[in-house]
Amino acid sequence: MDPRLASALRQEIAQPGPLPLPAEGQTVVIAGHRAAGKTRLLPLVSAVLGRPGVDLDAELSRRSGRSLRDWVVEDTDGFRSAERSLLLELPRGSVVSVGGGFLSNHPDALHPYYTLLVPVSFETYRERLLADTTRPRLRPGMSLEEEISTIYEQRQVLHARVPTVSLADFLRALSSLGSQP
């Protein structure tokens, strides 16, 4: 979770609004920018919903025997095809965290799923990516600062076009379940 957004998230949760929860058997996809905290959120959402959780990137790496960093650099199209195929193969009703590019590269694949969007501010995104040298460069022809800014802005636009459930709405729906008699 982005600590910069914690206060705003608490305020959003307190507001009345829609209470969307995933349907029985509907796969929950945790999506958002790189470094948003999707992997960290996975075991929590999985436990709360009582469903098995899968980190798509970790599963791709395990099944292929390849480092995702190398795979993305050496064969981006092959990687994108494999991540899409794997999501479609996973058992229905699970909770899946997808990589930071999934939402913008495969929006049509997400239509049958309950897609939970994890927010991250640009400042936190930037700090996390500058600190994490294990992530692959997506635009090596640019400076790292340019890449970070460009990718964030481009994906913000693409993410806004995909039907998602905000983390605040999901948490509000969960809290309403706990307050029902």
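Along the sequence shown, the residues carry numbers beginning at 1. This is a predicted model, so every value here is computed, not measured.
Between Leu167 and Leu41, some side-chain heavy-atom pair lies under the 4.5 Å cut-off. The shortest side-chain heavy-atom distance between Ile151 and Leu129 does not fall under the 4.5 Å cut-off. Contact annotation: the side chain of His106 approaches that of Arg80 to within less than 4.5 Å [non-hydrogen atoms, C-beta and beyond]. Using a 4.5 Å heavy-atom cutoff, the side chains of Leu56 and Glu83 are in contact. Residues Tyr114 and Thr27 are not in side-chain contact: their nearest non-hydrogen atoms beyond the backbone lie 4.5 Å or more apart. In this structure the side chain of His159 never reaches within 4.5 angstrom of the side chain of Thr115, judged on heavy atoms. Counting only heavy atoms from C-beta outward, the side chains of Val72 and Leu138 approach each other to under 4.5 Å. Proximity of Glu145 to Leu130: side-chain heavy atoms (C-beta onward) are separated by under 4.5 Å at one or more points.
In plain terms, the two heavy atoms of Ile148 and Tyr125 that are nearest each other are O-CE2, 3.4 Å. Looking at every heavy atom in both residues, Leu42 comes nearest to Asp55 through CD2-N, 3.6 Å. Across all their heavy atoms, Ser97 and Lys38 have their closest contact at CB-O, 3.9 Å. Among all heavy-atom pairs drawn from Pro107 and Val162, the shortest one is CB-CG2, 3.5 Å. Listed here is the closest heavy atom pair of Pro140 and Arg137: CA-NH2, 4.0 Å. Across Asp2 and Arg128, no two heavy atoms sit closer than the pair CA-NH2, 3.9 Å.
Looking at Ser94, its side chain never comes within 3.5 Å of a backbone N or O of Pro52 through a donor-acceptor pair. Ser61 places no side-chain N or O within 3.5 Å of a backbone atom of Asp57 that could act as its donor or acceptor partner. Thr150 places no side-chain N or O within 3.5 Å of a backbone atom of Glu147 that could act as its donor or acceptor partner. A donor-acceptor pair under 3.5 Å links the side-chain atoms of Arg69 to the main chain of Arg135, judged by distance alone. Between the side chain of Ser81 and the main chain of Asp77, no donor-acceptor pair closer than 3.5 Å is present. For Glu74 (side chain) and Trp71 (main-chain N/O), no donor-acceptor pair under 3.5 Å exists by modelled atom type.
The cluster map of Ile, Leu, Val, Met, Phe, Trp and Tyr, joined by side-chain heavy atoms under 4.5 Å apart, puts Val165 and Tyr113 in different clusters. Cluster membership check: Leu110 does not share its hydrophobic cluster with Leu158, using side-chain heavy-atom separations under 4.5 Å among Ile, Leu, Val, Met, Phe, Trp and Tyr. If you chain together hydrophobic residues whose side chains sit under 4.5 Å apart, Val96 and Phe170 never meet in one group.
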Check residues 28-36 and write down every donor-acceptor pair under 3.5 Å in which the side-chain atom is one partner and the other belongs to a residue at least two apart or another chain.
{"unit_1": "His33", "atom_1": "NE2", "unit_2": "Gln156", "atom_2": "OE1", "d": "2.7"}
{"unit_1": "Arg34", "atom_1": "NH2", "unit_2": "Pro136", "atom_2": "O", "d": "2.8"}

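Taking 4.0 Å as the cut-off between side-chain N and carboxylate O, Glu123 and Arg126 do not count as a salt-bridged pair.
The closest side-chain donor-acceptor pair between Arg4 and Thr124 falls under 3.5 angstrom.
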